[in-house]
Structures are given as structure tokens and as C-alpha cells.
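Since this is a predicted model, take the numbers as computed values, not measurements.
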2 protein chains.
Amino acid sequence: MAAEQEDLIDALAQVAFVTTGVLSAAASDRDLSLTQARAIGILRDRRLRMSELAQVLGLEKSTLSGLVVRAEKRGLLQRVPDDGDRRAALVTIAPAGARLAQEVRADLEQALAPLIGGLDEGERLQLQALLERMIEHAGTRPETRSS
Amino acid sequence: MAAEQEDLIDALAQVAFVTTGVLSAAASDRDLSLTQARAIGILRDRRLRMSELAQVLGLEKSTLSGLVVRAEKRGLLQRVPDDGDRRAALVTIAPAGARLAQEVRADLEQALAPLIGGLDEGERLQLQALLERMIEHAGTRPETRSS
DNA sequence: TATTGTTATACTCTATAACTATA
DNA sequence: TATAGTTATAGAGTATAACAATA
């Protein structure tokens, strides 16, 4: 059973590299780093504090400051004051950022289509369900680090 | 069906980030970058030319030169001349590199265990088979870029 | 001429430390 | 005192361009 688990981890790692690589390429086609693309993807449907976004992305708060400043200059993100705690800032997506997120997303779908296309409808649902079960258990653990 | 595909892509992306993050953390615990960890992982069971390894990793050849020089100084990798083409160099793993690769691998397994642990034996095999089918189709396309 | 690999250089992303403002 | 965020600085990883050696 040890051997089977190793093979599963190999497969997971390979799919992870392919997926990350495809996303990274789609992002850089639009002069976005992988991290910037993740950020606008995350902020598509919510607004987070700087500290919260930093934690989700696995970045230091100072690193995120720079990222957000650059994105704000390009009109992709926006910082708004948090009523109730005047130290804090909420990061929200700007219209141009939302458009870019959608474009990157479309590219990702197109690039992954050949991989997913080899599976029929039932298999895709099965795969999705298994992956989602994995992610649930990921929530139990501390945030993914990248340091 | 469009909605389902989007959900599958979301799940793929999330699992990819978790997996990459875990590997990155395991690597940096040993002063390896994610790319260096990938390199020693790839070279565990084969030797490649500089140019081939660069292509697999999605790096420029000049970038790989630096990476290999640093790894060679630490005794992790080794360059040997390619008989038959004296321009080329083959990159091989050194004993210390093989040990490190094994350690990183063990950490990766341990960190992913809680995620995989939620699945029973049959589901793990199912997931592995689906992921491997995806990877097959990835081989059809040009190498993953990261530029 | 074309290809393999290295060197020189510059840019981006990241973390650490010191700081300001607010809680 | 502790926390949220910014600024200054330095290190690592990467790409581009120019180059040397071999095919």
C-alpha cells in the first residue's frame, strides 16, 4: 500500500505543476505574476483585510503591501478603509481587475480542456468530488506556506 | 455543464496550490527552492542534458546554469561530460542530493496524509487513475511554461 | 551556420527589521 | 502594550543578451 500512495502523490504533484504552470503562463501573458493572479481570483467574490489576504496567499504583510500597491496603480485592486477599525484596510477588486480575472480564468479553462477532455462527464464529476473532499481536509491544517 | 467544469477547475487549482505550497515548505525547510526540489526529484531516476532539464522545468538555459552551479557547490548535483557531443553536459544527482530528495519526499507524504487520509483505498486508486489519465493528455501539449 | 552551455546584467518577488497609527 | 499596515533594504530566482566551444 505504500507503493500505491507514492504513485498517488506523484500524480498529484504532476497535476499540480501542470495546473500551476498553465495558470502562471496565462497570468504572465497579462503581465501578472502567479501571486497577483491568485489575489484577483480570490477577491472576485469577497473583500478581505490586508492581513487576511496575506495569510490566504501565504505572504508576509509587507510583501502584500507591495503587491497591492502595484495592482492599485494598474487599477486592478483598491484599498478602502475598514469602518470600525481605522488601522485596517479592506482590499477589493476593481472593474479592470475583475475583467482580467475573467480573462485569465478563460485561458485556464482553455488550456486545461485537453486534459479534462479525456474524461467523460461522470468521471469529471467523480474527480471533482474527490478533489473537493481533499480540500475539505486541508482546511483543518494551518495555511499553506510558501516561505 | 459549463458550471460543473468551472467547479472542477476550481478544485484542481485549489489542490494544486495546496500541493505546491506543501512541497515548497518542505523544500525551504532544507534551503531548497521549489525549483531546486523539483530538479532533484526529476533526476532521482535519470540523467538529463542541461537543455532537457531546462525544458522540463520550464526554465531558460541560463537560469538552469545558475541553479545547477549552486546545487553542485552543495554537493547535490553533478555535471558530467556527454561522450558523443562535447558541447553538452549531463546533469546527475549526487548522493547528498538523493538523500535530500528522499527527505523532501517523506515530508510531502506526511503533509499530504491528512488530505489523502479522508479517502479510502478504493477512492485513492480512483483518484490516482483519473489524475494519471489527465497527465497522459498533458504530454500531448508543449511543455508547461513558467515564463 | 546552428547548437550547447556559460557569463554579465537587470528586474521582480520575497522576507526582515524598523516605523507610524490605531486599538 | 499589542495589532494593522507601510517603508527601507537586501537576497534569491529569473530572463535577456553577448559570448565561447563544438557540431
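- When the P atom of C:dA23 is taken as reference, atom CG of A:D85 falls 6 Å away, rounded to whole Å.
- Between B:T35 and D:dG13, a side-chain N or O to OP1/OP2 separation shorter than 4.0 Å is absent.
- When the P atom of D:dA4 is taken as reference, atom CG of A:L48 falls 14 Å away, rounded to whole Å.
- Here the closest heavy-atom approach between residue A:I93 and residue A:I40 is recorded as CD1-O, 3.5 Å.
- Distance, B:D82 CG to D:dA23 C1': 12 Å, rounded to whole Å.
- Within 3.5 Å, no donor on the side chain of A:S62 pairs with an acceptor on the base of C:dT14, nor the reverse.
- Counting to the nearest Å, the C1' atom of C:dT14 and the NZ atom of A:K61 are 15 Å from each other.
- Rounding to the nearest 0.5 Å places CD of A:Q36 at 6.0 Å from CZ of A:R74.
- If B:R87 and A:R49 are placed on DNA chain D by their nearest nucleotide, the residue sitting closer to the 5' end is A:R49.
- For a distance-only test at 3.5 Å, the side chain of A:T63 qualifies as a donor-acceptor partner of the base of C:dA15.
- The CD atom of A:Q55 sits 15 Å away from the C1' atom of D:dT3 (whole-angstrom rounding).
- When every heavy atom of A:A13 is checked against every heavy atom of B:T19, the shortest pair comes out as CA-CG2, 4.2 Å.
- Between A:L64 atom CG and C:dT12 atom C1' the separation is 16 Å, expressed in whole Å.
- In this structure, CZ on B:R47 lies 6.0 Å from CG on B:L90, to the nearest 0.5 angstrom.
- Spacing between atom CG of B:L90 and atom P of C:dG5 amounts to 8 Å, rounded to whole angstrom units.
- In this model, no side-chain donor or acceptor of B:R86 finds a partner on the base of D:dT22 within 3.5 Å.
- Contacts of A:S51 with the nucleic acid, taken as non-hydrogen atoms under 4.0 Å apart, involve only primed sugar atoms and P, OP1 or OP2.
- Contact annotation: side chain of B:S33 to base of D:dA12, donor-acceptor pair absent below 3.5 Å.
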